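Below: one structure, written as structure tokens.
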Amino acid sequence: MEAFTILAQEADKAAAAASSAGFAYGLAAIGPGIGIGYLVGKSVEAMARQPEAAGMVRTTMFLGIAFTEALALIGFVVFILIGL
Amino acid sequence: MLRAVVTYGSTGPEVFLSAEGEEGYSSYKYEDCSIIPEGKDPQESIESLEECDPGPSPIMPEAKELYWGAGAFIVFALLMRFFLYPRLRKSMDARYESIRSSHAEADQARAEARGEVATYEAALAEVKAEAAARIDAARATLESERSVQITEVNGRIAARREAAAAASVSAHQAARGEIGTAVASVASRTVELATGTSPDPVAVSRVVDEIMSSGVSS
Amino acid sequence: MLALEFPPINEILRWQDVFPSFNKIAIIAVAAALVGTVIFLIAGNADGSKAPRGIRNFAEAIVEFIEGQIIMPTMGRDGLGWTPFMLSMFSFIYLCNVPGIIPIIQMPATARMAIPLFLSLLVWVVFIGVGFKHQGLGYLKSSLFPPGVPAALYILVTPIEFISTFLVRPFSLTVRLFANMLAGHILLVTFALLTEELVQGGNIALIPVGILPFFMLVFLTAFEVLVAFLQAYIFTILAAVYIGGAAHPEH
């Protein structure tokens, strides 16, 4: 066996890496997806209730989205790192 | 060393064994790379596609990009801080200031104009009152003069009317006398022709008078 | 079956060097600085006493956006001195993002790690520097030992605060910009490849189907315009939040 370099295993490893990368990204996207949906929904509600505060609500909403989204983006970076 | 190359063909996995240096030891050549590295023969066989230029890592920062990006940003930020932004800001502030001052000027001008309008209206009211007073006075003078003149003219008209009435009465009397004389002479002539004697002129004229006055009345 | 071969991510990002140590990303970065300079130069040269028009109007709109939407809500009136810094950061990031959708160039310079990393390290250095300048060593105290926490909890809170303030901030700032732009770039590549494969794949029946990914490509290109602006805005407003927070501790 030592005499062989078995490329098939290499290929298996690459396939496993690719699918686990996909899983990593998919799982990382769930939480932020729910979070951003909730956040934007609440912000729209707040803006509808108090249109005069819409500017402040929007700024805060973007900040919140930025923080929430970071998790999904870290998942994306992990996806690239594993997938390579 | 032997190498086993496993590929997935149409009939399932195919295993291909080859020794180092043999034909088919590797299934890849440089021409299989998406970009053929410079200075390489496309037909030269390589162990795997890893030997092509792998391209930059998607995660690791590259020094040259870091230097150029940082240099470009620093130059841009310094230009912005010391040159571009102050110029823009200065003229923006100057414009805002001029807008603000012209607003104030406009307010002041409006207030001044309002004051002038008020003075003008006061003067106008004064003049109007004076004009009304003068008109009233003139009207009163006119009225009195007119009544004086009317009475004078009326008096004159009455005098003339009386004179005219007297003149017409006298003319009437004169005409009547002449007609009486003419009728008397005609009557006396007629009597003379008929009787051969001339009647008493006094009686004739009396008769004529009687007849004329009764004839006129009857 | 489609013979769709998606290239590895490295290949999407590979560009031949123009000359050693100067590649496409460097061109875009230099061009971004140049375009920004030219825009503000023209705006500065225009007659400022009349109502602004054209490029000057555009530049003044950006300045007022930075002041009204980024600095005033986060740093307040004291932060207006940071306008040139925020203005150049916003313009630079936007002008680096937007080549991602300009035909022929089609590469956001921020989809590579270098520029976001540099900018967030700069913001990191600046906000820590501002913290020490405004509060001295009290900055460490107010950021690591937030007031109003029971003393026993500091064992738990202080490491978390340290990690989140001094380590996660620059990291998340970098990754947010970089990953957003890279993801957008990969999406565009995916749909462009799919369109090309369907239309030129040799199967006539699949050519009409190629319209679908093409429409998706057009839609995503329009979406990337928004993303380019939004990421520049978010990066700048987070920088403003960090700097403002360092200058004035939370009460």
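Residue numbering restarts at 1 for every chain, and letters A, B, ... go by the order of the sequence lines. Keep in mind it's a predicted model, so treat the numbers as computed, not measured.
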Check: B/Pro61 and C/Leu117: which non-hydrogen atoms are nearest, and at how many Å?
Finding: CG-CD2, 3.8 Å

Next item on the list: Identify which of B/Leu84, B/Leu79, B/Ile99 forms the greatest number of heavy-atom pairs closer than 4.5 Å to chain C.
Entry: B/Leu84

Check: Mind checking whether C/Ile25 and B/Trp68 have side chains closer than 4.5 Å, heavy atoms only?
Finding: no

Item checked: Residue pair B/Met92, C/Glu60: steps toward the side chain to side chain contact (heavy atoms under 4.5 Å, CB included) verdict -> CA-CA 8 Å; B/Met92 273 170 86; C/Glu60 289 195 6; 3.2 Å; yes

Margin query: If I measure from the heavy atoms of chain C, does B/Phe82 come under 4.5 Å with its side chain, its backbone, both, or neither?
Written below: neither

Margin query: Any non-hydrogen side-chain atom of C/Arg112 less than 4.5 Å from a side-chain atom of B/Glu62?
Written below: yes

Margin query: Set out, in order, the CA-CA distance, both residues' side-chain angles and the distance that settles side chain to side chain contact (heavy atoms under 4.5 Å, CB included) for B/Met80 and C/Phe40, then state yes or no.
Written below: CA-CA 8 Å; B/Met80 192 66 103; C/Phe40 281 94; 3.6 Å; yes

Check: More than 12 foreign heavy atoms under 6.0 Å from CZ of C/Phe166: is that the case here?
Finding: yes

Check: CG/B/Leu88 to CD1/C/Ile39 distance, rounded to the nearest 0.5 angstrom?
Finding: 12.0 Å

Item checked: Closest approach of C/Ala29 to B/Ala72 (non-hydrogen atoms, all atoms of both residues) -> O-CB, 3.6 Å

Next item on the list: Examine whether an atom of C/Leu122 lies under 4.5 Å from a heavy atom of chain B, and if so say whether it belongs to the side chain, the backbone or both; otherwise answer neither.
Entry: side chain

Checklist line | Test item: C/Thr37 and B/Phe83 side chains (from C-beta on) under 4.5 Å apart, heavy atoms | finding: no

Note to self: Around atom OH of B/Tyr96, are there more than 12 heavy atoms from other residues, nucleotides or ligands closer than 6.0 Å?
What the structure shows: yes

Note to self: Given heavy-atom pairs under 4.5 angstrom as the criterion, report whether the side chain, backbone, both or neither of B/Ala70 touches chain C.
What the structure shows: both

Margin query: Strictly below 4.0 Å, N to O, side chains only: are C/Lys24 and B/Glu65 in salt-bridge contact?
Written below: no

Checklist line | Over 12 non-hydrogen atoms of neighbours within 6.0 angstrom of CD in B/Glu97 | finding: yes

Check: Between C/Ala43, C/Ala32, C/Ala59, C/Pro52, which shows the greatest number of heavy-atom pairs under 4.5 Å with chain B?
Finding: C/Pro52

Note to self: Does atom CZ (C/Phe58) have a neighbourhood of more than 12 heavy atoms from anything else shown, all under 6.0 Å?
What the structure shows: no

Margin query: Under a 3.5 Å cutoff, is there a donor and acceptor pairing between the side chains of C/Thr83 and B/Arg89?
Written below: no

Notebook entry, point to check: Of the listed residues (B/Val75, B/Leu66, B/Leu78), which shares the most heavy-atom pairs with chain C below a 4.5 Å separation?
Noted result: B/Leu66

Check: Side chain, backbone, both or neither: which part of C/Leu119 has an atom under 4.5 Å from a heavy atom of chain B?
Finding: side chain

Checklist line | Residue-level interface, residues 62-73 of chain C with chain B, non-hydrogen cut-off under 4.5 Å | finding: C/Val63, C/Glu64, C/Glu67

Next item on the list: Determine whether B/Phe73 and C/Met89 make a side-chain contact, defined as any pair of heavy atoms from C-beta on separated by less than 4.5 Å.
Entry: yes

Margin query: Students often mix this up, so state it plainly: with edges at 30° and 60°, are the rings of C/Phe92 and B/Phe76 parallel, tilted or perpendicular?
Written below: tilted

Check: Is it the side chain or the backbone of B/Tyr67 that comes within 4.5 Å of chain C heavy atoms, both, or neither?
Finding: neither

